[in-house]
Amino acid sequence: QVQLVESGGGLVQAGGSLRLSCAASGRTFSSSAMGWFRQAPGKEREFVSAISWRSGNTNYADSVKGRFTISGGNAKNTVYLQMNSLKPEDTAIYYCVARRGAVWDYWGQGTQVTVSS
C-alpha cells in the first residue's frame with residue numbers, strides 16, 4: 001500500500017506562515033510528481049501546487065502564487081509547502097497528493113489549516 005502522511009497544519013493569524021510536510025511510503029513507491037490540494041468549508045476541493053520530480057518544475061494555483069512555495073526532499077518521497085502571507089481564505093483542509101501517471105490517485109488524510117482575521 002501507498003501512504004501519504006501530512007503534518008504542520010495549525011492555527012495562524014492572517015499574514016503569518018506555516019510549513020506543511022508530507023512523507024510518502026509504500027511498496028517500491030516512486031511517484032512522478034507530488035503536490036497539494038485543499039478543501040475549504042462549503043467549497044469544492046481545489047488544486048494548490050505540485051512539483052514534478054523529473055524536471056523540477058513547479059505549478060501553483062493563481063490564488064497562491066507569490067505566497068506559497070513547494071519543494072521536495074532528495075529522496076523524492078517527501079514534499080513541503082511553505083505558506084507565507086496567509087489569508088483567511090486559505091483556511092482549508094490541505095491534502096498531500098502523489099501520482100505515477102496522469103492523475104492524482106494517491107491522497108493523504110489531510111491536515112487542517114486555519115487562518116484567523
Side-chain angles (χ1 to χ4, degrees):
Q1 63 179 12
V2 175
Q3 290 184 313
L4 305 178
V5 180
E6 305 98 333
S7 62
L11 175 64
V12 65
Q13 292 183 349
S17 299
L18 284 173
R19 181 177 172 87
L20 305 183
S21 299
C22 175
S25 63
R27 184 176 179 179
T28 63
F29 179 76
S30 182
S31 64
S32 62
M34 294 182 68
W36 298 89
F37 279 69
R38 68 185 182 185
Q39 186 168 28
K43 299 183 65 177
E44 296 183 358
R45 192 167 297 178
E46 65 176 347
F47 172 80
V48 177
S49 184
I51 182 169
S52 170
W53 299 128
R54 183 184 66 189
S55 65
N57 289 344
T58 58
N59 292 305
Y60 299 92
D62 288 341
S63 60
V64 306
K65 286 181 179 177
R67 300 188 298 118
F68 291 10
T69 303
I70 191 169
S71 61
N74 291 333
K76 298 183 179 181
N77 63 354
T78 305
V79 67
Y80 307 96
L81 186 68
Q82 179 67 45
M83 305 185 294
N84 298 325
S85 302
L86 283 163
K87 305 174 181 179
E89 50 263 45
D90 294 319
T91 295
I93 299 175
Y94 284 70
Y95 297 91
C96 178
V97 296
R99 69 185 183 195
R100 295 179 178 178
V103 300
W104 299 107
D105 48 4
Y106 301 98
W107 293 71
Q109 296 185 90
T111 185
Q112 177 70 48
V113 172
T114 303
V115 184
S116 62
S117 301

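Only heavy atoms go into these numbers, but all of them, side chains included; no hydrogens, no water, no symmetry mates. Positions are given from 1, in the same order as the sequence printed here.
- Look at Lys65 and Asp62 and you find a salt bridge, because one of the NZ, NE, NH1 or NH2 atoms lies within 4.0 Å of a carboxylate O, short of that distance.
- Applying the 4.5 Å side-chain rule to ILVMFWY residues, one finds that Val5 remains a lone member of its cluster.
- The shortest distance between side-chain heavy atoms of Asp90 and Met83 does not fall below 4.5 Å.
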(message) Run the side chain to side chain contact (heavy atoms under 4.5 Å, CB included) test on Val2 and Arg100 for me, step by step, so that the C-alpha distance in whole Å, both residues' side-chain angles and the decisive distance to 0.1 Å come before the verdict.
(response) CA-CA 12 Å; Val2 175; Arg100 295 179 178 178; 4.1 Å; yes
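- Between Tyr60 and Thr69, the shortest heavy-atom distance links the atoms OH-CA, 3.4 Å.
- Between Lys43 atom NZ and Arg38 atom CZ the span is 7.0 Å, to the nearest 0.5 Å.
- With Glu6 contributing its side chain and Cys96 its backbone, the two residues share a donor-acceptor pair below 3.5 Å.
- By the 4.5 Å heavy-atom criterion applied to side chains, Thr91 and Gln112 are counted as neighbours.
- With values rounded to the nearest 0.5 angstrom, Ser63 atom OG is found 7.5 Å from Phe68 atom CZ.
- Between atom NZ of residue Lys76 and atom OG of residue Ser31 there is a gap of 9.0 Å, rounded to the nearest 0.5 Å.
- Closest of all the heavy-atom pairs between Ala24 and Leu4 is CB-CD2, 3.2 Å.
- Within the model, atoms CD of Gln13 and CG of Leu86 stand 11.5 Å from one another, a figure rounded to the nearest 0.5 Å.
- In this structure, CG on Leu81 lies 11.5 Å from CE on Met34, to the nearest 0.5 angstrom.
- Checking side-chain atoms of Ser85 against main-chain N and O of Gly15 turns up no donor-acceptor pair under 3.5 Å.
- Looking at Thr58, its side chain never comes within 3.5 Å of a backbone N or O of Ile51 through a donor-acceptor pair.
- Counting side-chain heavy-atom gaps under 4.5 Å among Ile, Leu, Val, Met, Phe, Trp and Tyr, the cluster of Tyr95 also holds Phe37, Phe47, Ile93, Val97, Trp104, Trp107.
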So Ser32 and Arg99, side chain to side chain contact (heavy atoms under 4.5 Å, CB included) or not? Walk me through it. CA-CA 6 Å; Ser32 62; Arg99 69 185 183 195; 3.8 Å; yes
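- Nearest heavy-atom pair across Asn84 and Gln82 is OD1-NE2, 3.0 Å.
- Within the model, atoms OH of Tyr106 and SG of Cys22 stand 13.5 Å from one another, a figure rounded to the nearest 0.5 Å.
- Across Pro88 and Ala14, no two heavy atoms sit closer than the pair CD-CB, 4.1 Å.
- For Gln39, the CD atom is densely surrounded, since the number of other residues' heavy atoms within 6.0 Å is greater than 12.
- Trp36 and Leu18 fall within a single hydrophobic cluster, where Ile, Leu, Val, Met, Phe, Trp and Tyr side chains are chained together by heavy-atom contacts under 4.5 Å.
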